[in-house]
Amino acid sequence: MKLDYTYIEDLSKHEGETVTLKGWLYNKRGSKGLYFLILRDGTGLAQCVVAKDAVDEASWEAAEAATRESALVVTGVVRRDERQVGGYEVQASSVQLLHRAEEYPITPKEHGVEFLMNHRHLWLRSRRQWAILRIRNRIIMSIHNFFQEQGFVQMDAPILTGNAVEGTSTLFEIDYFGDKAYLTQSGQLHGEAMAMAFGKIYTFGPTFRAEKSKTRRHLTEFWMIEPEMAFYDLAMNMELAEDLLSRIVADVLRESRTELEVLGRDLAPLERVRPPFPRLSYDEAVALLRSDETAEMLTSRMEALREEERALETELAENKKRYGQAKKSEKRRLDAREIAIRKRRAEIEEALRNLPKWKESARTFEWGGDFGGSDETVLTWHFDRPIIVHRYPAAVKAFYMKRDPEDERLALGMDVLAPEGYGEIIGGGERATDLAFLEKQVAEHNLPPEAFKWYFDLRRYGSAPHSGFGLGLERTITWICGLPHLREAIPFPRLIDRLYP
RNA sequence: UCCUCGGUAGCUCAAUGGUAGAGCAUGCGGCUGUUAACCGCAGGGUUGUAGGUUCGAGUCCUACCCGGGGAGCCA
């Protein structure tokens, strides 16, 4: 379809030509005879220069009347200008105001979390959210391309299920024509059935957990990608996870530079995400946690934080001295800096409160338990890329995991932990193939055997070795974008006590 | 469910128990190259709710409501 207007991302192809842009007013600066309209059209931002003597009266009035987020049509000549975002600006010859927006609640200044979350439907228009969610799109495309190129078949697991796989406390229960049904927690079991039919499959769908978690790494509704492969063992499974993550990061680095720049993401840690990822057995991970090396690393981290805090205090004191004689604009800058320093100091103080506890938790970690959030974070601090931890105690893993033939206490499970403290983004493993073992496991976990009748059939008719894993989409986005909280990694996050907008 | 921090103007935040302020946003005025533009003026408040202590409460006490961060659990 041929459009009668141009998208901002294509401006570079139209230098010197007259184009028409359609979008919304992101910000406006102006003086008596000149307005600078920053236009936003979803593909990028562009500055449109409206000079009073270069446009007709109606256009000038439109530029004057336009408020933030008003819908506009601007026609003008594209000019190269190094100073501008994207390198181009539009010298307007006409401006049309389609709709004059009411006073827009979100300003270019700072806002609190609650306010922004209540305005999530508008917050999406902000530059930072634009960058994050465009990267989300890039990651989704990258995942599909990776699997499709390798002959995986995308298959959907059901969202409504009758199976209460991991106990009912974390499941959303709904009324299903008088019966109980649940929103899926994982497509895992159905994925296995599909892998036995198609060889290599992956699911890509929403997942629901009714956990009353209030942390920066939990949503009640999130998206999960679950590949399941017949005849893959644990080693192949780990290699696939490593290749997938490396591919995703490479695609984002290549195709989403602008977005990463908007986010101010440090690229160096992402550029190191290449195979092979370090592999640690659970035994090795426990030993590392309890080691002197870990204790020393945490001590030096605490020292570094204390040093940073002292530097901030010094800066604060110096700014206070300068404040008296400062000009108004300088005072404003100092005020902003003071708020930033105070915020960072609060973060440091929280970290300094936590780190001794984390150190103690790592030091005294008992073999047999699952890693807590802090243990994962501490482990990843030792490495410069994602790490894979494998062969966990069977007791802390799901009933369908295959046991390690060399040590029956262990399950052939694996987790991939993202670097920079982001922690678990993948969980998976090799699945048990023996019918009698699975029946025993279901009984020991107090699960209703009748709900697994169909699943047991997979071990009756050509039971074969197979493996798979689940990748948490929002956690992956949070890590790659370097976000402090995963609520920004999905357009409309669903959290405990957050169902709107 | 538990621990912890917070709730003051539309927004972000100040205010020894003693006259509730600033910046941004909004309105008006000024400025022909601005980059979170800048300069001047103005309007804007039942300090989360309900009690209590006090000559006097934004500030202290009690309960409740709402939100942030964390634990457990997990992707």
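Every value quoted in this text rests on a predicted model; they were computed, and no experiment measured them. Sequence lines set the chain letters: A, B, ... in the order given, protein chains first and strands last, and positions in each chain run from 1.
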Which residues satisfy the side chain to side chain contact (heavy atoms under 4.5 Å, CB included) test with A:P269, sequence neighbours excluded?
A:R265, A:D266, A:R272, A:E420
Is any side-chain N or O of A:H111 under 3.5 Å from a base N or O of B:C11, one able to act as donor and the other as acceptor?
no
With A:L486, the side-chain contact (heavy atoms from CB on, under 4.5 Å) member among A:L473, A:I477, A:L219
A:L219
Could you walk me through whether A:E228 and A:R431 satisfy the side-chain contact (heavy atoms from CB on, under 4.5 Å) test, starting with their C-alpha distance in whole Å, then the side-chain angles of each, then the deciding distance to 0.1 Å, before giving a yes or no?
CA-CA 10 Å; A:E228 192 70 36; A:R431 322 303 188 189; 2.9 Å; yes
Check each residue of residues 115-128 of chain A for a non-hydrogen atom within less than 4.0 Å of any atom in RNA chain B, then write out the ones that pass by number, or none.
A:F115
Report, as yes or no, whether the 6.0 Å neighbourhood of atom NZ on A:K28 holds more than 12 heavy atoms from other residues, nucleotides or ligands.
yes
Any chance the side chains of A:N237 and A:S467 put a donor and an acceptor closer than 3.5 Å?
no
Test of understanding: with ring-ring contact (aromatic ring centres under 6.0 Å, His included), list the residues that count as partners of A:W60, not counting sequence neighbours.
A:Y35
Applying salt bridge (charged side-chain N to carboxylate O under 4.0 Å, His left out) as the test, list every pair that has at least one member in residues 481-496 of chain A; sequence neighbours left out.
A:R128-A:E488
Categorize A:Q47 for me: base, sugar-phosphate, or nothing, with a 4.0 angstrom heavy-atom threshold over every strand shown.
base
Restricting to nitrogen or oxygen on both sides, can you table the protein-nucleotides 42-47 of chain B pairs closer than 3.5 Å?
none

Establish, yes or no, whether a centroid distance under 6.0 Å links the rings of A:H121 and A:F492.
no
Under a cut-off of 3.5 Å for both distances of each Watson-Crick or G-U pair, what dot-bracket string does RNA chain B give, using [ ] for crossing pairs and | for inter-strand pairs?
(((((((..((((....[..)))).(((((.......))))).....(((((..]....))))))))))))....
Distance test, side-chain N/O of A:H218 to OP1/OP2 of B:G70, below 4.0 Å:
no
